[in-house]
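This report refers to the structure that appears directly beneath it.
Every heavy atom of this structure was used, including side-chain atoms; hydrogens, water molecules and symmetry mates were not. Predicted, not measured: the structure shown is a model, and the values here were computed from it.
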Amino acid sequence: MAKKPYYITTAIAYSSGKPHIGNTYEIVLADSIARYKRFVGYDVHFQTGTDEHGQKIEIKAFENLSTPKEFVDETSGEIKRIWDLMNTSYDRFIRTTDEDHETAVKKIFKKLYDQGDIYKGEYEGMYCTPCESFFTPSQLVDGKCPDCGRDVQPAKEEAYFFKLSKYADRLIEHINTHPEFIQPESRKNEMMNNFLLPGLQDLCVSRSSFKWGIPVDFDPGHVIYVWVDALSNYITGLGYSVDEKGELYKKYWPADLHLIGKDILRFHTIYWPCILMALGEPLPKQIFGHPWLLQTGGKMSKSKGNVIYADDLVEYFGVDAVRYFVLHEMPFENDGVISWELIMERINSDLANTLGNLVNRTISMSNKYFDGVVTDSGMGDSVDEDLKSVVIGTRLKVNEAMDKLRVADAITEIMNLFKRCNKYIDETEPWVLAKNEEERERLNTVLYNLVESITIGASLLAPFMPETSEKILKQLNTEARRVTELSSFGLYESGKKVTDSPEILFNRIDVPAMLEVIHERFPEPEVTEEEKAPETKKAPEEELKVVEAKVKDTITIDEFDRMQLQIGEVLSCEEVPKSKKLLCSQVQIQGRVLQIVSGIKNYYKPEDMVGKKVVVITNLKPTKLAGVLSEGMLLCAENEHGDLALLTAEKDMPAGAMIS
């Protein structure tokens, strides 16, 4: 049976310089999706590449005393080097200077012109060189580019225009009838309300004020502008041409997923679909505008001196640790934050402690007690069943998350599997079993269950951390499970021997010492007097980007109404054993009592909690925290120092009173 095709693309990176970790996040995200789709049985084609034309490139080349082609050969090569460093499994790395792309773009432009969708005119407006965009004065924000906040210059030139407005109604209808087309939904609403519904202006698609671009072959004074040039890569890379459609195009188009940054959503969800409509080609099935990965304090910017590069991170922490951080820390819709400190904390807590320690302990105990031979003696216990249920159920949870492109949630489910294994060690206490010869067969089974669970977890981990998955499986002397095998527990061959010298997967990091090394090599940018003074107004660009790191996307009243908020009265409260942060409260809510676990131990004593009237989310799905069931959430406020304060009602309200 032939595999179902799946075509995924990233935006092609602009070849003006070295990509920072925020740019690199996109290729790693796409790679994890591509690898997962291959894992579950799809025939995947994964395309990425570089956008290499435009005025900015021409200027950069001049500043570097090189030709534009020499400049993009170098910068595109650097981008590809970093993509390869991050172990990304793309099938084609396309460059817009590739001969087959340039030839196809010329034909696309000519077809649109011949059928009357492109016409010649004149453009006058304010031009932003970095964004390669024209704006009317009313579109500017405080006189600057509305997209990047930089200065704009007045410009007037002869140009060709694409009749964008001609296809607006068709695009609106498509979006309304295909709710999955633009994701997340908040991005769809932004495009509809801010651009499509107010009305579209025709789009400038050629330039005559610079030369570095694909020439309009019937009008040599013009070069084809970025919107037709760069966006067409998604089909030209598959062998599309106006007079011929290659086999790859026939097999993989329309794309299943265009994965792009939220800042270029307009170009991909409005310009590109309209161009495809004009060509008579199908639209991509889904366009996902992922959030930004921000440096603490705002978006990464070379001018601000806060740029972090992927290869520097890899030098200190390794490829998979960096992949894990960027994939795990990015929310579905909101911006994520990165810093050297945050990466090290996550490595220590998740990778060194939860995962690395689990694998090392399991292999070490197998060697210590049974010379590395792992045997299933069949001596089960009731505690085994919960472990097996979690391990086998993880596959379905991961798949559900990946179907929704919630990659961070998928990784969290895999880490929960490893956490459950660590808990199983605490529950079964193999070191105690080892002291009793009569428990030897039970000890065999415990270690077998751990090896089997880790094998399944490592197999699921492969799309996200391929090197780590391979290392774990090699140490266990086994191979990755096929997706069809993940619903079975007990496939590890009984009597097989694990490695006798387990490798440390992730070393714990001495954070203060490492920070000294890093800050010496990468000094933090000097803080200006303006930045020191909180009352001084920042430039619009900086102000916007700092706010974006803190403010979540807007929600509808219906989304808010899904939360059930009520006043609850704390009847009793106690500390959670072996936890430094958790309290367990019994909270009265109008005829029922909810058990709620909260991380407030450092701010409230159990005896102080009794009698408090608190604000509670009462319709959360129950979960376990430190092994204790929690059936709701107490709401708290947090100040800039991290201090917490429980939310309470201004007036005395009865337990169960609804909040709206």
Side-chain angles (χ1 to χ4, degrees), residues 1-13 15 27 30-31 33-35 37-38 41-53 72 76 79-80 83-84 88-115 117-118 162 167 174 181 205 213-218 223-260 267-268 271-288:
M1 182 177 175
K3 293 182 178 181
K4 185 178 179 180
Y6 185 90
Y7 181 34
I8 179 174
T9 71
T10 69
I12 50 176
S15 300
I27 188 72
D31 180 67
I33 296 170
R35 286 177 181 269
K37 288 295 182 180
R38 294 189 193 103
Y42 284 84
D43 178 1
V44 174
H45 190 82
F46 173 21
Q47 181 168 299
T48 187
T50 45
D51 174 9
E52 302 183 15
H53 292 126
V72 295
S76 178
I79 292 167
K80 187 176 184 296
W83 283 193
D84 291 341
T88 55
S89 56
Y90 55 81
D91 294 285
R92 176 166 181 183
F93 187 97
I94 189 171
R95 299 177 57 183
T96 56
T97 54
D98 287 344
E99 184 178 353
D100 61 336
H101 172 79
E102 292 194 348
T103 300
V105 167
K106 289 178 183 179
K107 292 180 179 180
I108 289 171
F109 194 93
K110 184 65 161 56
K111 173 181 171 64
L112 297 178
Y113 176 77
D114 287 345
Q115 67 189 32
D117 282 312
I118 286 179
F162 173 67
Y167 296 95
H174 182 84
F181 180 58
V205 291
I214 302 172
V216 176
D217 51 12
F218 57 87
V223 294
I224 298 171
Y225 201 23
V226 61
W227 314 128
V228 176
D229 176 6
L231 290 169
S232 295
N233 91 89
Y234 302 123
I235 55 177
T236 65
L238 295 176
Y240 173 89
S241 186
V242 169
D243 50 8
E244 182 183 2
K245 297 177 182 178
E247 292 304 313
L248 288 178
Y249 181 83
K250 295 174 184 177
K251 181 178 182 179
Y252 289 107
W253 192 260
D256 293 271
L257 179 64
H258 284 333
L259 188 68
I260 59 167
F267 316 134
H268 285 78
Y271 301 172
W272 178 226
C274 289
I275 291 171
L276 286 168
M277 287 177 178
L279 291 172
E281 302 300 331
L283 304 193
K285 297 174 186 177
Q286 189 171 78
I287 302 169
F288 182 83

| task | Any chance you could lay out the salt bridge (charged side-chain N to carboxylate O under 4.0 Å, His left out) test for Arg38 and Asp91, step after step, and finish with the verdict? | result | CA-CA 12 Å; Arg38 294 189 193 103; Asp91 294 285; 3.6 Å; yes
Distance from [X] atom [atom1] to [Y] atom [atom2], nearest 0.5 Å?
X      : Y      : atom1 : atom2 : result
Thr10  : Ile260 : OG1   : CD1   : 10.5 Å
Leu238 : Leu248 : CG    : CG    : 6.0 Å
Leu257 : Ile287 : CG    : CD1   : 9.0 Å
Tyr167 : Asp117 : OH    : CG    : 3.0 Å
Tyr252 : Phe46  : OH    : CZ    : 13.5 Å
Ser232 : Lys106 : OG    : NZ    : 14.0 Å

| query | Would you say the side chains of Asp100 and Tyr240 form a donor-acceptor pair under 3.5 Å? | reply | no
| request: Indicate whether the side chain of Glu52 and that of Thr97 have a donor and an acceptor atom separated by less than 3.5 Å. | output: yes
Min side-chain heavy-atom separation [X]-[Y] under 4.5 Å:
X      : Y      : result
Ile108 : Val242 : yes
Phe109 : Phe218 : yes
His258 : Phe288 : no
Val228 : Phe162 : no
Tyr271 : Val205 : no
Arg95  : Asp51  : no
His53  : Glu102 : yes
Tyr7   : Tyr249 : no

So which atom in [X] and which in [Y] form the shortest heavy-atom distance, rounded to 0.1 Å?
X      : Y      : result
Pro284 : Pro254 : CA-CB, 4.2 Å
Ile8   : Ala34  : CG2-CB, 4.1 Å
Leu231 : Phe267 : CD1-O, 3.7 Å
Ile94  : His101 : CD1-ND1, 4.3 Å
Ile12  : Thr48  : CG2-C, 4.2 Å
Ile214 : Thr96  : CD1-O, 4.3 Å

Can a donor-acceptor pair be found, under 3.5 Å and without considering hydrogens, that links the side chain of [X] to the backbone of [Y]?
X      : Y      : value
Asp31  : Ser89  : yes
Thr88  : Trp83  : yes
Asn233 : Ala230 : yes
Trp253 : Pro282 : yes

| CA sep, side-chain torsions, deciding dist, call: Val72, Thr50, side-chain contact (heavy atoms from CB on, under 4.5 Å) | CA-CA 9 Å; Val72 295; Thr50 45; over 6 Å; no
| task | Quick one: do Ser15 and Ile79 satisfy side-chain contact (heavy atoms from CB on, under 4.5 Å)? Show the steps, please. | result | CA-CA 8 Å; Ser15 300; Ile79 292 167; 4.2 Å; yes
| message | Using a 6.0 Å cut-off, check whether atom OH of Tyr113 has over 12 heavy atoms from anything other than its own residue. | response | no
| query | Where do Lys111 and Ile118 land on the side-chain contact (heavy atoms from CB on, under 4.5 Å) test, with the steps shown first? | reply | CA-CA 9 Å; Lys111 173 181 171 64; Ile118 286 179; over 6 Å; no
| task | Establish, yes or no, whether a centroid distance under 6.0 Å links the rings of His174 and Phe181. | result | yes
| said: Would you say the rings of Tyr234 and His268 are close, in the sense that their centroids are separated by under 6.0 Å? | reply: yes
| query | Which pairs with one or both residues in residues 223-246 pass salt bridge (Lys or Arg N to Asp or Glu O under 4.0 Å), sequence neighbours excluded? | reply | Lys107-Asp243, Lys245-Glu281
| Looking at Lys285 and Asp256, does any basic side-chain N land under 4.0 Å from a carboxylate oxygen? | yes
| Plane angle bin for Tyr42 and Tyr6 - parallel if under 30°, tilted between 30 and 60°, otherwise perpendicular | perpendicular
| query | Run the salt bridge (charged side-chain N to carboxylate O under 4.0 Å, His left out) check on Asp43 and Lys37 step by step: do they pass? | reply | CA-CA 8 Å; Asp43 178 1; Lys37 288 295 182 180; over 6 Å; no
